[in-house]
2 protein chains.
Amino acid sequence: MVTLKDISRDVGLSITQVSRALGGHTDVNAATRERVQLAATRLGYRPNAIARSLKTGRSGIVAMIVAGSRDPDSNAHLFEIVMGLSAEISALGLQFVLHVGQPGADVVKLHTELYRSGGIDGFVIIGPSPADPRIKCLTDLGAPFIVHGRDPEQPHPFVDIDNFDVGRTMADHLLSLGHRRIAFLNGPLSEFFAIQRQRGVDAAFAAHGLSVDPALMRSITMIEPQGRSAARDLLQLDNPPTAIIAGNTMIARGVYHAAADAGVSIPGDLSVLAHDDGLELFPAAGFEPPLGGTSAHLSAAWISLSADLKQIIAASKTPMHNRILDLTFDKGSATQSILVDRSMPVGP
Amino acid sequence: MVTLKDISRDVGLSITQVSRALGGHTDVNAATRERVQLAATRLGYRPNAIARSLKTGRSGIVAMIVAGSRDPDSNAHLFEIVMGLSAEISALGLQFVLHVGQPGADVVKLHTELYRSGGIDGFVIIGPSPADPRIKCLTDLGAPFIVHGRDPEQPHPFVDIDNFDVGRTMADHLLSLGHRRIAFLNGPLSEFFAIQRQRGVDAAFAAHGLSVDPALMRSITMIEPQGRSAARDLLQLDNPPTAIIAGNTMIARGVYHAAADAGVSIPGDLSVLAHDDGLELFPAAGFEPPLGGTSAHLSAAWISLSADLKQIIAASKTPMHNRILDLTFDKGSATQSILVDRSMPVGP
DNA sequence: GCGGCGATCCCAAACGTTTCGGAATAGGCG
DNA sequence: CGCCTATTCCGAAACGTTTGGGATCGCCGC
């Protein structure tokens, strides 16, 4: 390994001065600096990250800890999250560590031990549940972290979208088209984003002087097979929905399949909207008819998340960065207005 | 942060003795050791990984570097690889770092710089191509690493399966059932495993005194859509294949879809075999009729890989661990014997 | 009484870096 | 000539750990 000492010997300067030359300090002669830099590249010098960390107290490593799981369902999103996050964090000159615990391991303990052992500057937390113990743990530890999504029960820095608006916007669009029997294939209600989306749907109904039919509100794992079977279920009801809101594009794919299976045409017999996370592996493109709905690309979230986390790490006192990302809505071609009682106007 | 100094102050011993007590050295009184351990847990001591690394020269971190890519196709497998590897490596008390480079970054340079900067004990390389520059680079650097798969053009430690046998076994089974027009939806021929599988198929044909029809050998990205369109293509030939060998279960899924689309029944009109990597997200289960073929679970590969890499890191001189994992074959229910010219016996 | 020995302990150096405080030199100015 | 400043350099300490080479003490056998 090439060290500062090697360079200092080579150029005949002290270690101190070599360090300063390379570090861009002012008290070093321009000619000297150049000589040092030349020697450094000639010898193939790379500063030792470990030694630097020990001295500065920062390792430049941020970690995300996920529970290992034999259940592939829970991992459907994770891949793109890891790829996206890792790329953004690398781009900021930091390193990203994915720590996959053994199935059944205590995730809170893992955070504590990893932080206590130094070497981790900060953490990323995804998919928080209400009163999430990871957030409490890291707050108590005083460890820098940021959450994708949020936990309403404790203050913390986060990057999120307005999930209330997701539910409200899509439900409102369908209600305005005259739909009344609207089903919602929502994510797991153990997570806050799903709760908020449900509230948004409720609010849209309330704004139209209506209320949701609980039998049409489903909370499922957000993957295609679950969406398909839930949609099949809904379409077999005595009084099936005329529209379905899907929590993501994978669920929507299941809905399209279930509709095809049941001989139900989209949008003729059934209108469909979905929230699109902009995932590359599960694109909103390729639906026929083209799928509409709200959209917020997760890739944008990783950019904000990384930048904010870097700031939080740099700051001595955790700033409460709370960033709400933009949401767009596209009505697509998978929805259709239905005949409604003209005594109940739905537009201007 | 709780350090050895804090404990030493607490129990009234020297830092040296505290370190030795915790490190399990012999020259420390049993009673003293207990006192130290108690104090350590009471104060919440965790050894500082950075300081330890600086002293010992080992960080306990192994890394895998992948090129960031806007192309989701290339990532289809990667997720389970990352999850599996990370879990196994964590289980060995090491850390796994996934480094996702910017799209277009020089992967070889990333390996060099990351290794030179200390902090990385070893690397995992997957999907080697012939004369892979990453392998050359790490060999030149003297860095510990292990490859999943192998590069025949340079010696290096690896864990792999017998891909020649994969091709040979499946082709042989179909040939023995009387099939002659056998298609092979292989992976990209830029990677050695696909080359070997092709050679295995060729060898099986040769053993039967036959040779493959090049028009039926396809090299594709190993995901469902590609498999589907390739299979559609094959089934539209004037003289379509009576059997298809799929490189993995995702391709097989595409084949099943294409067959359904074309009104071709499996196994009545078309026999199908596939190699199964045992991936949880793309299971071989759920096929109707049940899919058969060779099988080798990648999870087994990660276990061997991690253990071997750990040994390589511990050793001063790189041992050339070359491990070939077991392969199993199940004929499934998606193949069927076809009428053959009785003048050409196919069995005992 | 003395050398030796086992048990238990500690000093100090080292890993490679950053940085505080100062030192050396040269030049300007009264 | 003495003083001050600016420029350029360096010694030494520190981060927390591990470890080689002792130190100390009590006790045994001769």
Side-chain angles (χ1 to χ4, degrees), chain A residues 1-37 39-40 43-61 93 113-121 314 316, chain B residues 1-37 39-40 43-61 93 113-121 314 316:
Chain A
M1 181 192 298
V2 184
T3 71
L4 286 181
K5 201 196 289 195
D6 298 318
I7 301 182
S8 85
R9 207 180 359 240
D10 188 273
V11 299
L13 282 174
S14 73
I15 294 181
T16 302
Q17 210 53 8
V18 173
S19 172
R20 296 186 111 91
L22 260 26
H25 287 238
T26 55
D27 60 349
V28 38
N29 189 301
T32 308
R33 159 165 305 128
E34 197 154 352
R35 233 172 71 234
V36 170
Q37 280 167 341
L43 299 177
Y45 171 76
R46 293 250 85 205
N48 184 302
I50 302 269
R52 178 178 282 175
S53 299
L54 182 59
K55 181 62 190 158
T56 63
R58 296 254 165 71
S59 64
I61 298 181
E113 299 199 338
L114 217 51
Y115 186 65
R116 284 255 178 81
S117 73
I120 303 291
D121 286 353
S316 47
Chain B
M1 182 193 297
V2 184
T3 70
L4 286 180
K5 201 197 288 195
D6 297 319
I7 302 182
S8 84
R9 208 182 357 242
D10 187 272
V11 300
L13 283 173
S14 73
I15 292 180
T16 301
Q17 210 54 9
V18 172
S19 172
R20 297 185 116 96
L22 261 26
H25 286 237
T26 55
D27 60 348
V28 39
N29 189 300
T32 308
R33 161 167 302 131
E34 197 154 354
R35 235 171 71 233
V36 170
Q37 281 167 338
L43 298 178
Y45 171 76
R46 293 250 83 205
N48 184 303
I50 302 270
R52 178 177 282 176
S53 298
L54 183 59
K55 181 63 190 158
T56 63
R58 297 255 164 71
S59 65
I61 297 181
E113 299 199 339
L114 218 50
Y115 185 65
R116 284 256 178 81
S117 73
I120 303 291
D121 285 353
S316 47

Exercise for the section: Report yes or no: is there a donor-acceptor pair, N or O only, under 3.5 Å between the side chain of B:Thr56 and the base of D:dT17? Expected result: no
Fill in the blank from the handout: To the nearest angstrom, the CG-P distance between A:Asp27 and C:dA24 comes to 17 Å
Handout entry: Under 4.0 angstrom between A:Thr32 side-chain N/O and D:dC9 OP1 or OP2
Key = yes
Fill in the blank from the handout: Here the distance between atom P of D:dC9 and atom CG of A:Leu22, to the nearest Å, is 14 Å
Practice task
Report the distance from atom OH of A:Tyr45 to atom P of C:dT18, rounded to the nearest whole Å.
Solution key: 6 Å
Practice task
Looking at every strand, decide which applies to B:Ile50 at a 4.0 Å heavy-atom threshold: base, sugar-phosphate, or nothing.
Solution key: nothing
Completion exercise
Of A:His25 and A:Met1, the one whose closest nucleotide on DNA chain C sits nearer the 5' end is A:Met1
Handout entry: Side-chain-base donor-acceptor pair under 3.5 Å for A:Thr3 and C:dG16
Key = no
Handout entry: Side chain to side chain, B:Ile15 and B:Val18, heavy atoms closer than 4.5 Å
Key = no
Exercise for the section: State whether the distance check finds a donor on one side and an acceptor on the other, under 3.5 Å, for side chain A:Ser14 versus base D:dC9. Expected result: no
Exercise for the section: Let me know, please, whether B:Gly12 or A:Pro47 comes out on the 5' side of the other along DNA chain C by nearest nucleotide. Expected result: B:Gly12
Practice task
Measure the shortest side-chain to side-chain distance between A:Leu4 and A:Leu22 over non-hydrogen atoms and say whether it is less than 4.5 angstrom.
Solution key: yes
Exercise for the section: Whole angstrom is fine here: how far is it from CZ in A:Arg52 over to P in C:dT18? Expected result: 5 Å
Problem - Spacing between A:Arg20 atom CZ and D:dT8 atom P, to the nearest angstrom - result: 13 Å
Exercise for the section: Measure the distance from CG on A:Leu54 to P on C:dA14 and round it to the nearest whole Å. Expected result: 17 Å
Practice task
Mark yes or no for a side-chain to base donor-acceptor pair under 3.5 Å between A:Thr26 and D:dT7, with no hydrogen or angle criteria applied.
Solution key: no
Exercise for the section: Nearest whole angstrom, please: distance from the P of C:dT8 to the CZ of B:Arg35. Expected result: 13 Å
Practice task
Return the value, rounded to whole Å, for the distance between atom CZ of B:Arg46 and atom P of D:dT17.
Solution key: 12 Å
Problem - A:Glu113 CD: over 12 foreign heavy atoms closer than 6.0 Å - result: yes
